There are 2 protein chains.
Amino acid sequence: MLDYQTALGPILHAIADPTRRVMVEQLAKGPASVSALAGRLPMSLQAAMQHLAVLEAAEVVRSEKIGRVRTVSLNPTALRQVERWVAEQKTAWERRLDRLGDYLGESPDDERKDHD
Amino acid sequence: MLDYQTALGPILHAIADPTRRVMVEQLAKGPASVSALAGRLPMSLQAAMQHLAVLEAAEVVRSEKIGRVRTVSLNPTALRQVERWVAEQKTAWERRLDRLGDYLGESPDDERKDHD
DNA sequence: TTTTTAGTAAAGCATATGCTTGACTATCAA
DNA sequence: TTGATAGTCAAGCATATGCTTTACTAAAAA
C-alpha cells in the first residue's frame with residue numbers, strides 16, 4: 001500500500017521545526033496572511049516564507065493569493081496522516097503486549113499496564 | 001505551558017527520517033538488538049547506530065546493554081506526545097469550523113474572524 | 001502619480017545531517 | 001587462548017537547513 005496522499009516524511013520534517021509548529025498552531029485557529037504569520041516570529045519575513053514553503057511543499061498547508069495578499073490555511077489531511085502512522089505503531093505495540101500477556105499466563109506480573 | 005516530558009521537536013525530527021521510521025516500525029513489534037535493527041538497512045552498522053542515537057536522544061527509544069548485546073525497545077510515551085499535539089491542532093481546527101458554521105447559519109457569506 | 005505595503009527571488013554563509021571508512025573494546029565460543 | 005561477534009568512537013565529506021542581506025514586482029493607498 002503506497003501513500004496516496006502526501007508523504008509522511010516531509011510532513012513530519014515540516015512540523016519538527018518549532019517555528020513551523022508555531023505557524024501550524026496559529027493556522028489551526030484559522031487562515032492567516034504571510035505577514036500575519038511572520039509577524040510574531042523573531043526572524044525576517046523571508047525566513048518565515050522559507051518555512052512556509054516547507055510547510056506547503058509537504059502539503060501541511062495550502063495558500064491562495066488574492067490581490068497582493070497570500071492567505072495560508074491548514075490542510076488537516078496531513079495531520080491525519082501523522083495521526084494514522086502513530087496509531088499504527090501504538091497498535092502494533094499493544095498487540096505485542098497482549099500476546100506477551102497471554103504467553104506469560106495470567107500472572108498479573110510486570111511489563112504491562114493500562115493500554116486503553 | 002512547557003513540555004514536561006521529552007521535547008516534541010526532537011521526537012518529530014527523529015521519526016521524520018524514513019530509516020528511523022523503519023526502525024520504529026520494527027520496534028513496535030518488539031525489542032531488537034542493534035544488529036537486528038541494522039540488519040536489513042542498506043547502510044553500514046555505524047550509520048544505523050547514528051540513527052539509533054537520534055531516536056534515543058529524543059527518547060523515542062530506550063536501550064539496555066546486556067553482555068555484548070544492546071537491546072533496543074520503543075518508548076510509547078514519545079508517540080503519545082505526537083498524538084497529543086496533533087489532536088490539539090485538529091481540535092482547534094474543528095472548533096473554528098464549528099464557530100464558522102454557527103456564524104454562517106444566520107448571516108450571509110464571509111469567512112473571517114480576526115487574524116491580527 | 002507617487003508611495004507604501006505584501007510578497008518574491010536569489011545569493012551567501014554557518015551549522016547540522018547522513019553517510020563512509022578506519023580503528024578499537026568487550027564478550028562469548030571453540 | 002584465539003578468534004569471531006556485537007557494539008563503539010571518531011574523523012572526514014557531501015549535501016541539506018535556517019537564516020541573512022540585497023534586490024525586485026505588483027497591488028493598494030495617499
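Throughout, a chain's letter reflects where its sequence line sits, starting with A, and its residues are numbered from 1. Bear in mind the structure is a predicted one, so any value in this text is a computation, not a measurement.
- Under 4.0 angstrom from either OP1 or OP2 of C/dT8 there lies no side-chain N or O belonging to A/R68.
- Residues A/Q89 and B/R21 form no side-chain contact, since every pair of their non-hydrogen atoms from C-beta on lies 4.5 Å or further apart.
- Atom CE of B/M49 is separated from atom P of C/dT17 by 18 Å (rounded to the nearest Å).
- Taking the side chain as every heavy atom from C-beta outward, A/T19 and A/M43 approach each other to under 4.5 Å.
- In the set D/dT8, C/dT20, D/dA6, D/dT8 carries the atom at the smallest distance from any side-chain atom of B/L45.
- A/H13 has its NE2 atom 14 Å from the P atom of C/dA16, to the nearest Å.
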Audit row: B/L12, A/D17, side-chain contact (heavy atoms from CB on, under 4.5 Å) steps and yes/no: CA-CA 8 Å; B/L12 290 168; A/D17 182 274; over 6 Å; no

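- For B/E88, the salt bridge (charged side-chain N to carboxylate O under 4.0 Å, His left out) partners at least two apart in sequence or on another chain are B/R84.
- The base of C/dG22 is paired with the side chain of B/Q46 by a donor and an acceptor separated by under 3.5 Å.
- The CD atom of B/E64 sits 18 Å away from the C1' atom of D/dT8 (whole-angstrom rounding).
- When distances are taken from the side chain of B/D17 to each of C/dG18, C/dT8, D/dT8, the shortest belongs to C/dG18.
- When all heavy atoms of B/N75 and B/E59 are compared, the closest pair comes out as ND2-O, 2.8 Å.
- Following rounding to the nearest Å, B/I66 (CD1) and D/dT5 (C1') show an atom-to-atom distance of 17 Å.
- Proximity of residues 28-42 of chain B to DNA chain D (heavy atom under 4.0 angstrom from any strand atom) is restricted to B/S33, B/V34, B/S35.
- For A/H51 and C/dG7, the NE2 to C1' distance is 17 Å, given to the nearest whole Å.
- No side-chain heavy atom of A/K29 sits less than 4.5 Å from a side-chain heavy atom of B/R95.
- A close approach under 4.0 Å does not occur between any side-chain nitrogen or oxygen of A/S44 and OP1 or OP2 of D/dC19.
- Atom CG in B/L52 sits roughly 9 Å away from atom P in D/dG7 (whole-Å rounding).
- In this structure, the CE atom of A/M23 is 12 Å from the P atom of D/dG18, given to the nearest Å.
- Where A/V54 and B/T71 meet DNA chain D, the nucleotide closest to each residue was compared, and B/T71 sits on the side nearer the 5' end.
- In this structure, a donor-acceptor pair under 3.5 Å is present between the side chains of A/S63 and A/R70.
- For the pair B/R21 CZ and C/dG18 P, the interatomic distance rounds to 12 Å; values are reported in whole Å.
- Closest approach to the B/Q50 side chain among C/dT8, C/dT20, D/dC19 is made by C/dT20 (side chain taken as heavy atoms from C-beta onward).
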